[in-house]
There are 2 protein chains.
Amino acid sequence: MLDQRIKFRHLTCFLEVARQRSVVKAADTLSITQPAVSKTIRELEEHLDARLFDRSKRGVTLTDFGKVFLRYAGASVTALRQGVDSISQVRMQGGLSINLGVLPTVAASVMPNAIRHFKTLSPDTTVKVVAGPNVMLMGQLRVGELDLVVGRLAEPDQMSGLSFIHLYSEHISLVARPGHPLMADKNPDITRIREFTVLVPPKQAIIHPTVDKMLIAHGIGALPDRIETVSTSFGRAFTRETDAIWIISNGAVASDIAEGHLVELPIDTSDTFGPVGLTTRIDSPVSPPVEMLINAVREEAARHHSSQAESKA
Amino acid sequence: MLDQRIKFRHLTCFLEVARQRSVVKAADTLSITQPAVSKTIRELEEHLDARLFDRSKRGVTLTDFGKVFLRYAGASVTALRQGVDSISQVRMQGGLSINLGVLPTVAASVMPNAIRHFKTLSPDTTVKVVAGPNVMLMGQLRVGELDLVVGRLAEPDQMSGLSFIHLYSEHISLVARPGHPLMADKNPDITRIREFTVLVPPKQAIIHPTVDKMLIAHGIGALPDRIETVSTSFGRAFTRETDAIWIISNGAVASDIAEGHLVELPIDTSDTFGPVGLTTRIDSPVSPPVEMLINAVREEAARHHSSQAESKA
DNA sequence: CTTATGCATAATTATATAGTTATGCAAATT
DNA sequence: AATTTGCATAACTATATAATTATGCATAAG
């Protein structure tokens with residue numbers, strides 16, 4: 001069993017000696033005497049019942065046990081440090097905060113419920129929801145301004161240093177208002193969308209290249225009358241009030257389609273199928289609150305997904 | 001600063017009281033008296049300079065501070081537990097072990113160097129390298145038989161419960177022996193590959209659907225003379241000795257192409273571009289040794305990638 | 001061959017610890 | 001109103017702790 005007598009004093013001392021490979025130097029930086037360090041290490045070794053260092057006459061080196069233990073000791077100390085820090089953060093700001101980047105696909109579908117659920121579990125954690133061009137969000141994530149970004153998997157070159165957790169996959173849809181002229185036919189000629197204003201994702205959007213490929217694959221090519229927009233609220237309003245066609249990730253309009261506010265054009269978009277999930281930094285392990293949020297999002301995505309499957313059946 | 005007087009006794013006691021919402025019950029399961037628990041909690045609160053519980057007359061409840069601290073305390077204790085366990089594992093087996101799944105793309109490119117580098121950092125960790133159909137590897141990863149799988153991103157439906165860390169992206173290549181008849185032309189007609197034996201990835205392979213799509217896109221369709229294989233060593237030998245054409249992820253043959261043992265057919269495979277990376281379980285945080293291996297693979301991939309970029313320039 | 005380095009050990013000391021039993025006290029239960 | 005429940009506090013005690021100084025000892029350096 002875990003020896004309750006182990007104190008963080010032992011671990012920090014151990015970490016320091018391991019780092020410096022020297023009892024004397026460690027004693028110096030810890031501002032205690034050399035024998036105190038020797039004794040602390042010996043105590044830890046006794047508690048663990050394993051030798052952690054090989055003592056030689058020019059410093060100390062980690063044993064196999066020591067090398068293994070080193071990582072875990074570091075993790076343990078880091079966790080406690082974060083815990084102490086979080087307490088003072090709560091004291092200062094009246095609560096922890098999570099900074100969350102949200103892309104349009106999920107902004108209106110899974111996220112509202114996921115965050116609501118998270119807030120029931122952890123009401124005192126402030127969740128700050130940030131929207132914006134994905135390039136910016138990924139940049140903010142990489143420098144630590146965001147803890148988590150939810151949306152489509154970004155292009156490979158933007159993913160360095162980031163980790164992706166898959167939630168579900170979705171395709172891109174072409175939608176229009178109900179009763180749109182193109183839908184008069186049972187099987188409308190898709191190339192006719194050139195006759196209408198088309199709302200397309202702008203260059204910075206994750207789905208931009210995928211949309212381009214799809215259009216080319218259907219022999220549509222450049223669209224003469226196009227509006228580039230990131231705003232789903234604009235897109236939604238504009239599409240419902242005009243004859244425009246909106247090319248947008250399915251998640252952003254799924255509820256509108258389900259409720260009959262928008263209709264999907266019968267075009268094969270299977271090659272636009274792509275993963276939606278959670279992106280985090282790869283270094284700096286996710287803190288417990290962020291982990292809770294991740295779990296909440298995953299649960300909600302699973303629920304969402306299964307209910308979608310039901311509604312299809 | 002982190003109060004060095006905090007012992008794991010404090011944390012485990014705190015965790016137990018939080019779990020049971022009761023000082024008396026916690027005292028019982030910890031096999032100490034109730035005042036001892038009260039005192040321990042009070043000590044921890046003094047060390048942290050924050051109240052962790054609200055005391056009422058029917059049990060105790062966590063304060064905001066306590067709720068926040070709970071997660072970190074749990075993480076810290078878990079880490080130390082794992083550390084102690086690892087030491088006994090080392091004692092028993094003479095070393096830690098990591099079970100690693102490797103897909104063909106990286107088996108001959110990044111992984112050898114990555115593992116070599118890792119072994120210099122952690123020579124006493126046994127690395128077990130497993131190859132096989134990706135469906136099997138992902139299954140083993142999910143149940144914990146593997147710690148890590150390196151290769152292409154699997155299909156979305158296989159990724160539930162798994163997390164993906166992107167390393168780089170690569171495309172699929174069509175390769176043949178140098179001096180292959182198709183290469184007599186400068187711009188050979190790609191549909192002529194139907195005249196030759198073609199080695200293709202089998203159904204279970206990750207790249208199978210992508211390859212199918214690509215063939216259809218180039219108007220090739222079903223191949224009359226095909227061999228399905230996962231074995232890169234077979235594929236390599238067979239392709240070099242016959243006029244067969246081998247459809248394989250670029251990474252698996254990159255060095256052969258560079259060294260002139262194989263040549264790449266000039267066919268546009270840009271739509272087969274796909275992410276290569278590390279897949280891990282999403283629950284159960286990666287242990288420090290696995291984390292080290294992940295870092296080694298990432299470094300090696302970065303090096304590999306930059307040297308490839310150089311060789312292109 | 002001497003000196004310096006680096007760690008271990010011993011002796012010592014004030015303080016902290018980790019429990020214990022006994023008791024108190026307020027709210028909830030009967 | 002009496003009792004039970006659940007926690008806090010106090011007083012006490014045997015150990016354990018966390019340092020210290022002084023000293024020893026083997027190796028590496030000069």
Side-chain angles (χ1 to χ4, degrees), chain A residues 1-63 65-67 70 73 77 80, chain B residues 1-63 65-67 70 73 77 80:
Chain A
M1 268 307 291
L2 190 140
D3 197 316
Q4 306 280 35
R5 290 171 307 178
I6 297 176
K7 298 190 194 179
F8 285 92
R9 184 177 62 84
H10 294 110
L11 298 188
T12 49
C13 183
F14 165 70
L15 292 173
E16 194 58 36
V17 173
R19 192 174 70 81
Q20 306 244 29
R21 302 170 195 286
S22 159
V23 171
V24 178
K25 285 179 195 162
D28 193 42
T29 56
L30 294 171
S31 305
I32 52 177
T33 59
Q34 170 262 310
V37 173
S38 287
K39 219 178 108 191
T40 302
I41 296 299
R42 187 152 48 81
E43 282 166 14
L44 181 58
E45 288 178 329
E46 279 162 13
H47 294 329
L48 293 173
D49 193 29
R51 207 149 194 72
L52 295 173
F53 290 104
D54 282 324
R55 280 78 163 170
S56 84
K57 290 300 148 185
R58 50 155 189 275
V60 292
T61 49
L62 285 165
T63 62
F65 295 145
K67 283 181 212 163
L70 177 63
V77 170
L80 187 72
Chain B
M1 265 308 290
L2 190 139
D3 195 316
Q4 304 282 34
R5 289 170 307 177
I6 297 175
K7 296 189 194 180
F8 284 92
R9 185 176 61 85
H10 294 109
L11 298 189
T12 49
C13 184
F14 166 71
L15 292 173
E16 195 56 37
V17 174
R19 192 174 70 81
Q20 308 244 30
R21 302 171 193 287
S22 158
V23 171
V24 178
K25 286 180 194 164
D28 192 42
T29 57
L30 294 172
S31 306
I32 52 178
T33 57
Q34 170 262 311
V37 172
S38 287
K39 220 176 102 185
T40 302
I41 296 298
R42 186 154 46 82
E43 282 167 13
L44 181 58
E45 288 179 329
E46 278 164 13
H47 293 152
L48 292 173
D49 193 28
R51 206 149 194 74
L52 295 173
F53 291 104
D54 281 325
R55 280 78 163 170
S56 85
K57 288 303 148 185
R58 51 158 188 270
V60 291
T61 49
L62 285 166
T63 61
F65 295 146
K67 284 181 211 160
L70 178 62
V77 171
L80 186 72

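Because the structure is a prediction, the values reported are computed rather than measured.
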Exercise. What does B:V60 touch in the nucleic acid at a heavy-atom separation under 4.0 angstrom: a base, only the sugar-phosphate, or nothing?
Worked result: sugar-phosphate
Problem set entry | Polar side-chain contact A:K39-C:dA8 base: donor and acceptor under 3.5 Å | no
For this session: Specify the separation, in whole Å, of atom CD1 of A:I6 and atom C1' of D:dT17.
Result: 15 Å
Exercise. For B:E43 and D:dA16, what is the distance between atoms CD and P respectively, to the nearest whole Å?
Worked result: 17 Å
For this session: Look up atom NZ in A:K67 and atom OG1 in A:T61, then write down how far apart they are to the nearest 0.5 Å.
Result: 8.0 Å
For this session: Could you check how far CD of A:Q34 sits from P of D:dC25, rounded to whole Å?
Result: 16 Å
Exercise. So, for B:V17 and B:A26, which heavy atoms are closest and what is the spacing to 0.1 Å?
Worked result: CG2-CB, 3.5 Å
Problem set entry | Nucleotide of D:dT20, D:dT9, D:dA8 approaching B:V23 most closely (side-chain heavy atoms) | D:dA8
Problem set entry | Nucleotide C:dT17, atom C1' - distance to CD of B:E46 in whole Å | 13 Å
Seminar exercise, completed: Atom CD1 of A:I41 and atom C1' of C:dT9 are separated, to the nearest Å, by 16 Å
Exercise. C:dT20 phosphate, OP1 or OP2: any side-chain N/O from B:T33 under 4.0 angstrom?
Worked result: yes
Problem set entry | Whichever of B:P35 and A:V24 has its nearest DNA chain C nucleotide further upstream toward 5' | A:V24
Exercise. Does any N or O in the side chain of A:E45 come within less than 3.5 Å of the main-chain N or O of A:L52, such that one atom is a donor and the other an acceptor?
Worked result: yes
Problem set entry | Of the listed nucleotides C:dA18, D:dC7, C:dT20, the one nearest the side chain of B:I32 | C:dT20
Exercise. Would you say D:dA18 has OP1 or OP2 under 4.0 Å from some side-chain N or O of A:K7?
Worked result: yes
Exercise. Roughly how far, to the nearest 0.5 Å, is CD1 of B:I6 from CG of A:L80?
Worked result: 5.0 Å
Exercise. Under 4.5 Å between any side-chain heavy atoms of B:L30 and B:C13, yes or no?
Worked result: yes
Problem set entry | Nucleotide C:dT17, atom C1' - distance to CZ of A:F8 in whole Å | 17 Å
Problem set entry | Contact under 4.0 Å: B:R9 side-chain N or O vs C:dA18 OP1/OP2 | yes
For this session: Starting from P on D:dT17, measure out to CZ on A:R42 and report it in whole angstrom.
Result: 12 Å
Exercise. Should B:R55 be listed as having a side-chain N or O under 4.0 Å from OP1 or OP2 of D:dA8?
Worked result: yes
Exercise. Is there a side-chain polar atom (N or O) of A:S38 under 4.0 Å from OP1 or OP2 of C:dC7?
Worked result: no
For this session: For B:D54 and C:dA26, give me the distance from atom CG to atom C1', rounded to whole Å.
Result: 16 Å
Seminar exercise, completed: Among C:dG6, D:dT20, D:dC7, the one nearest any side-chain atom of B:S22 is D:dC7
